[in-house]
Amino acid sequence: MEKVLVTGGSGFIGLHCIQQLLDQGYEVRCTVRSESKKQEIVDSMTTHSLNPHNLEIVMADLLKDEGWDEAVSGCEYVLHVASPFILEVPSDENILIKPALEGTLRVLNACKNNKVKKVVLTSSVAAIAYGHKDQKVFDENDWSDTGPGITPYAKSKTLAEKAAWDFVNQLSDEDKFDLTVINPVAVTGPMLTSDIGTSNEMLVKLASGSMPACPKIHMGFVDVRDVAKAHIFSMKSEKTNGERIILSDKEMFFVEISRVLNEAGFKKAPTREMPNILVKLMALFMKELGGILGSLGRQSTTDKSKAKNLFDWEYVSAEDSAIEATKQLVSMGLVK
Ligand code: NDP
């Protein structure tokens with residue numbers, strides 16, 4: 001039985017990767033950075049997976065060297081999913097950049113030392129389409145501009161992904177392993193623990209009516225199950241070797257996704273848009289709005305053709321994904 005390491009086993013996307021891998025008969029090892037997360041993962045897989053016993057959980061922190069060689073040892077494949085993801089703009093950008101960049105290099109170095117066959121890295125559309133002044137349809141040839149104006153999160157994802165490509169491109173023939181990078185847009189969908197993940201927080205805000213109207217933000221959406229599926233497909237498929245792959249069902253303005261929720265019965269979800277000036281004022285009090293100010297009013301569109309050509313399944317629609325997640329958020333008492 002092949003063994004796969006999933007880094008960031010406690011996270012929203014990491015848990016779906018673990019669940020799908022277990023259900024497909026893989027042995028899975030995952031990393032956490034605190035003991036307290038272990039039981040939560042075991043409980044989740046006992047509930048959601050057909051093979052919960054094939055899971056091993058080990059400790060490793062992206063900011064520390066210890067644990068990574070042991071975590072990777074004996075694994076044919078590594079899905080490197082872990083990276084800090086927060087909406088707020090931190091006081092120091094290195095809070096995000098250091099673990100993303102140095103952590104990726106720690107994981108890849110351990111992959112080299114342990115003769116891993118292939119790594120799939122979870123990057124983001126934030127490494128492709130951010131920090132640009134022009135508006136266009138972004139594709140896998142584009143890189144975010146890490147100059148002034150980019151958010152620390154987008155910078156962390158861009159620098160980490162670039163470092164990963166540099167790392168594998170410089171490997172000797174003897175040390176070489178394959179790399180595929182998945183670049184998802186905003187990920188929504190069902191949660192496998194009580195930790196709802198950063199992107200579903202946006203649905204909480206919309207469906208609970210905590211904002212009177214929607215900021216004029218345009219972004220792509222994709223369901224978490226398709227993101228996990230794309231990681232596992234890429235892990236096994238040689239066709240994806242050396243590729244970056246944008247993963248998006250479709251783009252929508254916040255007000256469009258909010259109207260979908262409203263029509264589905266979440267009547268507090270706003271159906272109007274807010275003037276940009278008001279969003280800027282609100283951002284003075286709501287830190288989590290800081291990260292979206294640069295995107296206000298801009299269309300953010302990506303080319304989805306590479307993924308559609310490679311992956312042979314229909315995505316869960318952005319609308320169904322958001323509705324399903326919001327129903328779960330209601331049942332968890334997070335949307336009233
Ligand atoms: P989560 O916040 O749910 O998961 C992040 C994971 O990274 C957690 O397991 C977290 O551990 C772990 N992590 C963070 N910092 C460290 C650290 N210093 N050492 C070890 N582990 C750490 O986010 P998502 O599941 O949504 O994100 C997973 C990946 O997907 C990230 O790389 C993110 O950038 C990327 N992504 C996410 C998108 C989205 O919309 N959700 C869109 C595009 C890309 P802990 O539980 O201990 O905090």
Side-chain angles (χ1 to χ4, degrees), residues 4 6-9 11-24 26 28 30 44-45 48-50 77 79-83 85 118-129 138-140 157 161 180-193 195-203 219-237 239-240 243-252 256-257 260-261 264 300-329:
V4 185
V6 179
T7 69
F12 174 47
I13 296 173
L15 281 158
H16 279 270
C17 291
I18 296 170
Q19 186 225 346
Q20 290 187 20
L21 286 164
L22 290 173
D23 286 359
Q24 289 178 35
Y26 288 96
V28 181
C30 74
S44 169
M45 289 306 128
H48 296 287
S49 163
L50 306 170
Y77 302 106
L79 308 187
H80 178 37
V81 186
S83 203
F85 180 30
K118 181 160 185 181
V119 174
V120 181
L121 168 71
T122 321
S123 184
S124 168
V125 76
I128 289 181
F138 290 95
D139 64 29
E140 286 88 353
K157 297 306 287 180
E161 191 195 327
T180 299
V181 172
I182 305 293
N183 301 82
V185 292
V187 184
T188 57
M191 296 134 267
L192 299 181
T193 62
D195 188 345
I196 69 170
T198 299
S199 37
N200 279 324
E201 275 175 30
M202 178 176 65
L203 297 176
M219 60 169 68
F221 293 91
V222 67
D223 186 84
V224 66
R225 290 159 289 192
D226 290 318
V227 177
K229 228 169 161 176
H231 279 70
I232 297 166
F233 181 98
S234 299
M235 176 185 101
K236 292 183 293 189
S237 161
K239 278 197 286 187
T240 68
E243 300 286 351
R244 319 171 76 196
I245 307 170
I246 292 173
L247 210 61
S248 172
D249 177 49
K250 65 164 76 71
E251 289 89 15
M252 297 172 89
E256 292 174 304
I257 200 100
V260 167
L261 296 180
S300 173
T301 314
T302 52
D303 181 349
K304 298 151 195 74
S305 57
K306 192 194 269 191
K308 297 270 167 172
N309 289 335
L310 282 166
F311 303 146
D312 56 357
W313 67 88
E314 283 290 313
Y315 295 164
V316 177
S317 76
E319 293 88 342
D320 287 349
S321 178
I323 292 170
E324 193 178 338
T326 308
K327 281 183 182 159
Q328 190 183 350
L329 292 165

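- Proximity of Lys118 to Thr240: side-chain heavy atoms (C-beta onward) are separated by under 4.5 Å at one or more points.
- For the pair Met202/Met219, a side-chain contact is recorded, criterion being any heavy-atom separation below 4.5 Å from C-beta on.
- Contact check for Gln328 versus Asn200: no side-chain heavy atoms found under the 4.5 Å cut-off.
- Proximity of Met235 to Leu21: side-chain heavy atoms (C-beta onward) are separated by under 4.5 Å at one or more points.
- Of all heavy-atom pairs spanning Gly189 and Ala325, the tightest one is O-CB, 3.5 Å.
- Rounding to the nearest 0.5 Å gives a distance of 6.0 Å between NZ of Lys306 and CD1 of Ile245.
- Using a 4.0 Å cut-off between charged side-chain N and carboxylate O, Glu324 and Arg225 make a salt bridge.
- Between the side chains of Glu161 and Ser124, no donor N or O sits under 3.5 Å from an acceptor N or O.
- For the atom pair CE of Met45 and CG of Leu192, the computed distance is 5.0 Å after rounding to the nearest 0.5 Å.
- The two residues Ile18 and Cys30 make their nearest non-hydrogen contact at CD1-CB, 3.7 Å.
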What's the verdict on side chain to side chain contact (heavy atoms under 4.5 Å, CB included) for Tyr77 and Val4, showing C-alpha distance, side-chain angles and the deciding distance? CA-CA 5 Å; Tyr77 302 106; Val4 185; 4.1 Å; yes
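- When atom types are taken as modelled, the side chain of Ser199 and the backbone of Ala186 share no donor-acceptor pair closer than 3.5 angstrom.
- In this structure, the side chain of Ser237 does not engage the main chain of Phe233 through any donor-acceptor pair within 3.5 Å.
- Shown here is Lys327, whose NZ atom has no more than 12 heavy atoms of other residues, nucleotides or ligands within 6.0 Å.
- Rounding to the nearest 0.5 Å places OG1 of Thr122 at 10.5 Å from CG of Leu247.
- Contact annotation: the side chain of Lys229 never approaches that of Phe311 to less than 4.5 Å [non-hydrogen atoms, C-beta and beyond].
- A side-chain donor-acceptor contact under 3.5 Å links Ser305 and Asp303.
- Judged purely by distance below 3.5 Å, without hydrogens or angles, the side chains of Ser321 and Thr188 pair a donor atom with an acceptor atom.
- Taking all atoms of both residues into account, the shortest heavy-atom contact from Gly220 to Ser248 is CA-OG, 4.0 Å.
- Atom SG in Cys17 sits 12.5 Å away from atom OH in Tyr26 (nearest 0.5 Å).
- Between the Glu251 side chain and the Thr302 main chain, a donor and an acceptor come within less than 3.5 Å of each other.
- Atom CG of residue Leu121 and atom CD1 of residue Ile182 lie 9.0 Å apart, to the nearest 0.5 angstrom.
- The nearest pair of heavy atoms linking Val222 to Pro184 is CG1-CB, 4.3 Å.
- Taking the six-membered ring where tryptophan is involved, the planes of Phe12 and His16 are perpendicular, since the angle between them exceeds 60° and thus also 30°.
- Proximity of a side-chain donor or acceptor of Asp23 to a complementary backbone N or O of Leu50 within less than 3.5 Å is detected.
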Does the side chain to side chain contact (heavy atoms under 4.5 Å, CB included) test come out yes or no for Glu243 and Glu140, once each step is laid out? CA-CA 8 Å; Glu243 300 286 351; Glu140 286 88 353; over 6 Å; no
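- Distance check: Leu22 CG to Gln19 CD gives 8.0 Å after rounding to the nearest 0.5 Å.
- Shortest non-hydrogen contact noted between Ser123 and Val181 is CB-CG1, 3.4 Å.
- Remark: Lys308 qualifies as a cation-pi partner of Tyr315 under the 6.0 Å distance and 45° angle criteria applied to the six-membered ring.
- For Ser234 and Thr180, the side-chain atoms include no donor-acceptor pair closer than 3.5 Å.
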Check the pair Asp249, Val316 against side chain to side chain contact (heavy atoms under 4.5 Å, CB included), reporting the backbone distance first and the verdict last. CA-CA 8 Å; Asp249 177 49; Val316 177; over 6 Å; no
Go through it in stages, so that I can follow the logic: the residues are Ile128 and Arg244, the test is side chain to side chain contact (heavy atoms under 4.5 Å, CB included), and I'd like the CA-CA distance, side-chain angles, deciding distance and then a yes or no. CA-CA 10 Å; Ile128 289 181; Arg244 319 171 76 196; 3.3 Å; yes
